[in-house]
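Note sheet for the following structure.
Bear in mind the structure is a predicted one, so any value in this text is a computation, not a measurement. Letters A, B, ... mirror the listed sequences (proteins, then strands); counts begin at 1.
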Amino acid sequence: MEHAVLTRYRVMAYTTAVLLIVLVFVGVPLQVAGHPGVATVVGTLHGFLYIVYLFAAFQLTRTLHIPVFRTILVLIAGTVPFGAIIAERRLTSEYSRQVRRATKGNAGTTPQEV
Amino acid sequence: MSASSPPGQSFDRRRWFTTRAIVAHVALVIWVPGCVVACWWQVGIGLSGDSLGWIYSVMWPCFALFGTVFWWHFVHDDPDTIGRRGLRRLQQAATTQPEASDGDTPDDRAIALAQAEAEDPELAAYNAYLAALTREDRPSSWRGR
């Protein structure tokens with residue numbers, strides 16, 4: 001299993017999550033108050049990075065054999081405030097669970113554990 | 001799918017007509033025109049003077065494309081390899097028949113390797129580690145099934 005797939009997803013999850021939180025809790029109130037600048041810039045940035053997030057998330061869910069419905073939830077999580085952070089926690093623990101399981105399976109074949 | 005056939009190999013044209021696949025086709029038939037309509041709506045917003053509309057009108061085709069990629073993988077997935085149960089099944093298959101596809105290795109090479117491993121436990125451990133790694137990598141790849 002490639003660790004780079006997980007790292008790529010985690011970077012994208014935090015980036016989109018932070019941008020969305022800034023957009024929803026700073027940009028939108030400012031826009032309502034009559035200053036649409038923050039919402040325009042952050043909204044555009046989040047929109048484009050969300051597409052990158054989609055591909056990173058899709059690759060990780062494929063690697064971890066995540067079922068379809070949960071995959072869709074992970075993909076949608078990028079558009080919900082704090083959603084990507086929750087999805088990132090779940091997927092990271094699932095990843096480490098699978099790695100632990102795989103290394104436990106190999107313990108019988110490898111005499112010395114490094 | 002029967003347990004005797006290797007994953008991905010016995011899939012034929014029937015994969016397009018399973019219940020799973022038909023659900024995927026219906027979802028795609030709704031999703032792509034939906035994205036086109038949303039794109040058209042954003043083009044209208046862009047034409048009305050809001051520059052954000054132009055940006056979203058680029059993004060909706062990207063979502064349509066992504067949906068198509070998703071659909072393709074969904075139809076070509078072996079349902080037996082999905083989820084924790086599928087992963088467990090793959091791991092069990094890998095441990096019960098470790099070197100099943102290793103048919104072209106000459107016998108004397110295998111004997112020489114076994115002798116070398118008997119003399120050098122460190123080499124044996126390393127080879128076992130490599131074998132475990134390849135066994136592990138095969139199910140986790142999502143492209144070349």
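With a 4.5 angstrom heavy-atom cutoff, A/Leu54 touches chain B via backbone and side-chain atoms both. Interface remark: B/Phe70 contributes backbone and side-chain atoms alike to the contact with chain A (heavy atom separation under 4.5 Å). Residue A/Arg97 touches chain B through its side chain alone, counting heavy-atom pairs closer than 4.5 Å. Both the backbone and the side chain of A/Phe48 come within contact range of chain B, each with at least one heavy atom under 4.5 Å from a heavy atom of that chain.
B/Trp41 and B/Leu65 fall into different hydrophobic clusters, where Ile, Leu, Val, Met, Phe, Trp and Tyr side chains are chained together by heavy-atom contacts under 4.5 Å. The same ILVMFWY cluster, assembled from side-chain heavy atoms under 4.5 Å apart, contains both B/Val69 and A/Ile76. The cluster map of Ile, Leu, Val, Met, Phe, Trp and Tyr, joined by side-chain heavy atoms under 4.5 Å apart, puts A/Phe25 and A/Tyr14 in the same cluster. No continuous path of ILVMFWY side-chain contacts below 4.5 Å connects A/Val11 to A/Tyr9, so the two sit in separate hydrophobic clusters. Hydrophobic cluster membership differs between A/Ile86 and A/Leu73, with clusters built from Ile, Leu, Val, Met, Phe, Trp and Tyr side chains linked at under 4.5 angstrom.
Counting non-hydrogen atoms of neighbouring residues, nucleotides and ligands closer than 6.0 angstrom, the CZ atom of A/Arg90 reaches no more than 12 such neighbours.
Here the NE2-CZ distance, from A/His65 to B/Arg85, works out to 15.0 Å after rounding to the nearest 0.5 Å. Distance NE2/B/His73 to OG1/A/Thr61: 10.0 Å, rounded to 0.5 Å. Of the inter-residue distances, the one linking A/Leu75 atom CG with B/Phe63 atom CZ reads 10.5 Å to the nearest 0.5 angstrom.
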Intermediate values then yes/no, side-chain contact (heavy atoms from CB on, under 4.5 Å), A/Val68 and B/Phe74: CA-CA 8 Å; A/Val68 179; B/Phe74 188 74; 2.7 Å; yes

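In this structure, B/Leu87 and A/Arg101 have side chains that are not in contact, with every pair of non-hydrogen atoms separated by 4.5 Å or more. Side-chain contact between B/Met59 and A/Tyr50 is absent, with no heavy-atom pair separated by less than 4.5 Å.
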